[in-house]
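One structure below.
Everything numeric here is computed off the predicted structure, so don't read it as measured data. Below, chain A is the first sequence line, B the second, and so on; all start at residue 1.
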Protein chains: 2
Amino acid sequence: MTPATERIRPTQGQRTDAMRARLLEATLEIIAEEGWANASTQKICKRAGVSRGAQTHHFPTKDSLLIAAVQEIVARYQRDIDTATSRPDGPDQHLEDVFDFLWGACFEGNLLNSWMEVMVASRTDAVLRPAVRETDQTAVTAMRALGDPYGPGAADLVELTVYLLRGMVVQAGVHLDDENRRKLFEVWKKIAC
Amino acid sequence: MTPATERIRPTQGQRTDAMRARLLEATLEIIAEEGWANASTQKICKRAGVSRGAQTHHFPTKDSLLIAAVQEIVARYQRDIDTATSRPDGPDQHLEDVFDFLWGACFEGNLLNSWMEVMVASRTDAVLRPAVRETDQTAVTAMRALGDPYGPGAADLVELTVYLLRGMVVQAGVHLDDENRRKLFEVWKKIAC
DNA sequence: CAACATACAAACCATCCTGTATGTAAGTTG
DNA sequence: CAACTTACATACAGGATGGTTTGTATGTTG
């Protein structure tokens, strides 16, 4: 029974998936807009249009919700990387293009802002740290792999670029001047490539 | 009157200076150990061995205390820079030495950890942001000046190094492995100098 | 269809946080 | 030395937060 046409209320599994997705989306928005420290479960629930009871049902503790959010951030990042690598924009591109891709992935959207919030917070949060460490590890290795086709040492250059961009994105949260950062990044590309 | 030998209780000015210094010191310790988000005035007072009344007397609002702490962080940083520049370790040193100095100032002590806490927090804190922006601006220009003796373009390289090290120090808060970072920094020095 | 599990809403509670009195002792100054 | 200001302690008020509990409606399953 239970034909799809007659079903008014979705199945339990669908409800769970949808609710978790809504809560995670709201969590990411709050982190991006108000910062990790101000991401209270109450705000998240209000943003998601959900009662606190619903949230505690799917994520019984705040930590569980935030850790899920951490993994979601990196999952989205990974998705960007995957699409970038699968699409061969030309059979013979230059390492410089990888740098430009990293720049783009860094400064469009606010994923990296959220990620820096998470990393800084995890330094003093023993519960968070293991989860962040693990996910960050995989993210960094995935980005290093972007450099592999360009000879030995390229992976190191990519990793350096990642740290540089992380420092820059924190800077961008305080200083609006984007021009200077872009200029500096050009300098960096010139000496690294 | 009031000869110094007979004075049991210090003068008002001395008391104020000492109390402010104690509170700022405690604030920096708490930020370094527990993070900006967990730096409550209550914890700070307990750490300083001071009543909350004393704190509110000298810093009537939490923001005023934290902004004072922000400026203290950069003041200490500046002191490091000044002593480094005033001491000519040799009349003809290399730009590489500047990089090493920055590395040292970055990873010994936890000043930079605290500073990254502040910068990340100020992205979503409208009260904090102006103070952080201003103090960071002066700090960055001071560090750029370290490169000036080494020709045009050196200042840019120094600024790039600053951002790189900032990204690395956040990384260090999550991943303990210091060896990899040091190795990467050597790579960076090699291609930049 | 009946027993059971799941999804969610609403209320409650203990804790912590910041700011604000209020009171007292000690410096400072006319 | 008397008026005044400063330094500080204690206590309280109002708000926010995270976790728990209770109640109900709706799948799901034997």
Side-chain angles (χ1 to χ4, degrees), chain A residues 1-24 26-27 30-31 34-69 121 124-128, chain B residues 1-24 26-27 30-31 34-69 121 124-128:
Chain A
M1 270 305 143
T2 68
T5 57
E6 287 182 11
R7 180 173 295 285
I8 298 176
R9 176 166 167 159
T11 174
Q12 307 267 62
Q14 290 172 328
R15 289 179 71 80
T16 295
D17 291 347
M19 180 60 83
R20 287 180 61 99
R22 275 172 68 189
L23 281 169
L24 285 179
T27 304
I30 295 283
I31 292 174
E34 308 195 32
W36 178 270
N38 302 328
S40 69
T41 57
Q42 307 195 108
K43 277 188 201 164
I44 292 169
C45 290
K46 179 173 284 188
R47 166 67 72 106
V50 162
S51 75
R52 273 182 44 70
Q55 173 252 308
T56 58
H57 177 63
H58 294 284
F59 299 96
T61 164
K62 183 185 183 181
D63 281 334
S64 65
L65 172 58
L66 291 186
I67 288 180
T124 53
D125 186 325
V127 177
L128 206 58
Chain B
M1 270 306 142
T2 68
T5 57
E6 289 180 12
R7 182 171 291 286
I8 297 176
R9 177 169 167 154
T11 174
Q12 305 268 64
Q14 290 172 329
R15 289 179 73 79
T16 295
D17 291 347
M19 181 60 81
R20 288 180 61 100
R22 275 171 70 189
L23 281 168
L24 286 179
T27 304
I30 294 284
I31 292 174
E34 308 194 32
W36 178 271
N38 302 327
S40 71
T41 56
Q42 300 193 125
K43 277 187 201 164
I44 292 170
C45 290
K46 179 174 285 188
R47 167 66 72 108
V50 162
S51 75
R52 274 186 38 70
Q55 173 252 309
T56 59
H57 177 65
H58 294 284
F59 299 97
T61 164
K62 183 185 182 180
D63 281 334
S64 65
L65 172 59
L66 292 187
I67 287 181
T124 54
D125 186 325
V127 177
L128 206 59

Ignoring backbone atoms, establish whether [X] has a side-chain N or O less than 4.0 Å from OP1 or OP2 of [N].
X	N	answer
A/T56	D/dG18	no
A/S40	D/dA16	no
B/H58	D/dC8	yes
A/S51	C/dC8	no
A/H57	C/dA7	yes
B/T61	C/dG19	yes

Between [atom2] of [N] and [atom1] of [X], the distance in whole Å:
X	N	atom1	atom2	value
A/K62	D/dA16	NZ	C1'	11 Å
A/L23	D/dG18	CG	P	14 Å
B/R15	C/dA26	CZ	C1'	8 Å
A/Q55	D/dT17	CD	P	12 Å
B/D63	C/dC17	CG	P	16 Å
A/F59	D/dG18	CZ	P	15 Å
A/R22	C/dA9	CZ	C1'	13 Å
B/I44	C/dT18	CD1	P	8 Å

Got a second to check how far [X]'s [atom1] is from [Y]'s [atom2], nearest 0.5 Å?
X	Y	atom1	atom2	result
B/L65	B/L23	CG	CG	6.5 Å
B/N38	B/I31	CG	CD1	11.0 Å
A/L24	A/I44	CG	CD1	9.5 Å

Quiz item: The side chain of B/R52 lies closest to which of these nucleotides: D/dT6, C/dT20, C/dC17?
Solution: C/dT20
Practice problem: Could you tell me which non-hydrogen atom of B/E34 sits nearest to which non-hydrogen atom of A/T124, and how far apart they are? | Solution: O-OG1, 3.3 Å
Practice problem: Taking the side chain as every heavy atom from C-beta outward, state whether A/K46 and A/K43 have any pair of such atoms under 4.5 Å apart. | Solution: no
Quiz item: Start at the 5' end of DNA chain D and walk down; is the nucleotide closest to A/A39 or to A/G53 reached first?
Solution: A/A39
